[in-house]
Amino acid sequence: MGAYHFNWFLAWQNFPRFYWGLALGLELAALCLFIGSLIGIGGAFARSFGPPWLRVGITSYVEFIRNVPLLLLVYFAFYGLPKAGITVFNNVWSFIVALSVYSGAYLTEVFRAGVNSVPVGYLEAGKAVGLTPWQRVRFVTLPVTFRIILPSLSNTFISLFKDTSLASALAVPELTYAAEWLNVNTFRTIEAWTFASVMYLLAGYGIALALRRIERRYAVIR
């Protein structure tokens with residue numbers, strides 16, 4: 001058996017396809033983190049301060065999502081929702097819905113821990129200067145919570161970015177789909193998955209470095 005000749009030229013030749021796949025993956029991760037954070041904030045306050053029936057509902061949602069594979073949610077959003085009469089989602093939005101619901105459950109717990117970790121002195125100071133309960137939530141609890149959970153949000157974003165590879169199951173043209181396309185059309189399996197792996201590695205490392213700088217800048221001093 002002869003030595004395998006790695007075709008480096010394929011990387012340059014197909015760079016635009018991989019680049020746009022990477023860009024789409026980052027966009028999907030950022031959008032799902034935003035929507036998941038909105039779900040997480042609402043879920044955290046509902047679970048911490050809501051009536052018992054609402055706490056039970058949020059807890060059930062979190063536990064259900066925690067025990068269901070993400071790929072199953074993706075298939076349910078794409079194939080199941082149209083069967084229930086919801087047909088407004090294309091493959092991209094089906095994936096966004098699935099990943100946002102998935103991340104929202106985990107972020108509910110992250111935000112709940114953050115809300116409960118806000119120092120009491122901060123809230124007392126807000127009360128002392130005459131802020132209403134809503135103003136204390138808006139100007140004290142939420143900003144401090146975001147600063148407390150920044151490391152968790154950073155990790156969640158990196159995880160979501162890697163999870164976007166599952167969008168290839170719905171033919172969404174992100175990075176893994178680009179590797180699949182190259183594999184199918186050139187039969188250069190090693191090159192296809194190597195290019196995708198290197199781009200995931202470089203992107204993930206770059207994101208981690210950038211997020212660490214943000215964490216250091218906005219860390220809460222207790």
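These values consider heavy atoms only, across backbone and side chains, with no hydrogens, waters or symmetry-generated copies. Heads up: numbering here begins at 1 and tracks the sequence.
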Which distance, rounded to the nearest 0.5 Å, do you find between the CH2 of Trp20 and the CG of Leu175?
14.0 Å
If every non-hydrogen atom of Ala171 is compared with every non-hydrogen atom of Asn91, which pair is closest and at what distance?
O-ND2, 3.7 Å
Let me check something: any side-chain donor-acceptor pairs from residues 63-83 under 3.5 Å, sequence neighbours excluded? List them with distances.
unit_1, atom_1, unit_2, atom_2, d
Glu63, OE2, Arg66, NH1, 3.3
Asn67, ND2, Glu63, O, 2.7

Smallest separation among heavy atoms of Arg112 and Ser48, with atom names
CG-OG, 3.3 Å
Please list all pairs passing the salt bridge (charged side-chain N to carboxylate O under 4.0 Å, His left out) test where one or both residues lie in residues 192-207, with sequence neighbours left out.
none
So which of Leu99, Leu160, Leu28 actually passes side chain to side chain contact (heavy atoms under 4.5 Å, CB included) with Leu33?
Leu160
As an exercise, state the distance from CG of Leu153 to CZ of Phe111, rounded to the nearest 0.5 Å.
5.0 Å
Quick check: closest heavy atoms across Phe161 and Gly204, and the distance to 0.1 Å?
CE2-N, 4.4 Å
Looking only at heavy atoms, which two atoms of Thr164 and Phe95 are closest? And how far apart?
CA-CZ, 3.7 Å
What closest approach, in Å, do Ile39 and Ser100 show between heavy atoms, and which atom pair accounts for it?
CD1-O, 3.8 Å
Salt bridge (charged side-chain N to carboxylate O under 4.0 Å, His left out) partners of residues 114-139, not counting sequence neighbours, each pair once:
none
Search all heavy atoms of Leu182 against all heavy atoms of Thr186 and return the closest pair with its distance.
O-OG1, 2.5 Å
Determine yes or no for a side-chain-to-main-chain donor-acceptor pair under 3.5 angstrom, with Tyr61 supplying the side chain and Ala105 the backbone.
yes
Side-chain heavy atoms under 4.5 angstrom apart, residues restricted to Ile, Leu, Val, Met, Phe, Trp, Tyr: same cluster for Leu170 and Tyr177?
no
Decide yes or no on side chain to side chain contact (heavy atoms under 4.5 Å, CB included) for Asn14 and Phe195, but give the supporting numbers first.
CA-CA 10 Å; Asn14 292 279; Phe195 298 155; 5.9 Å; no
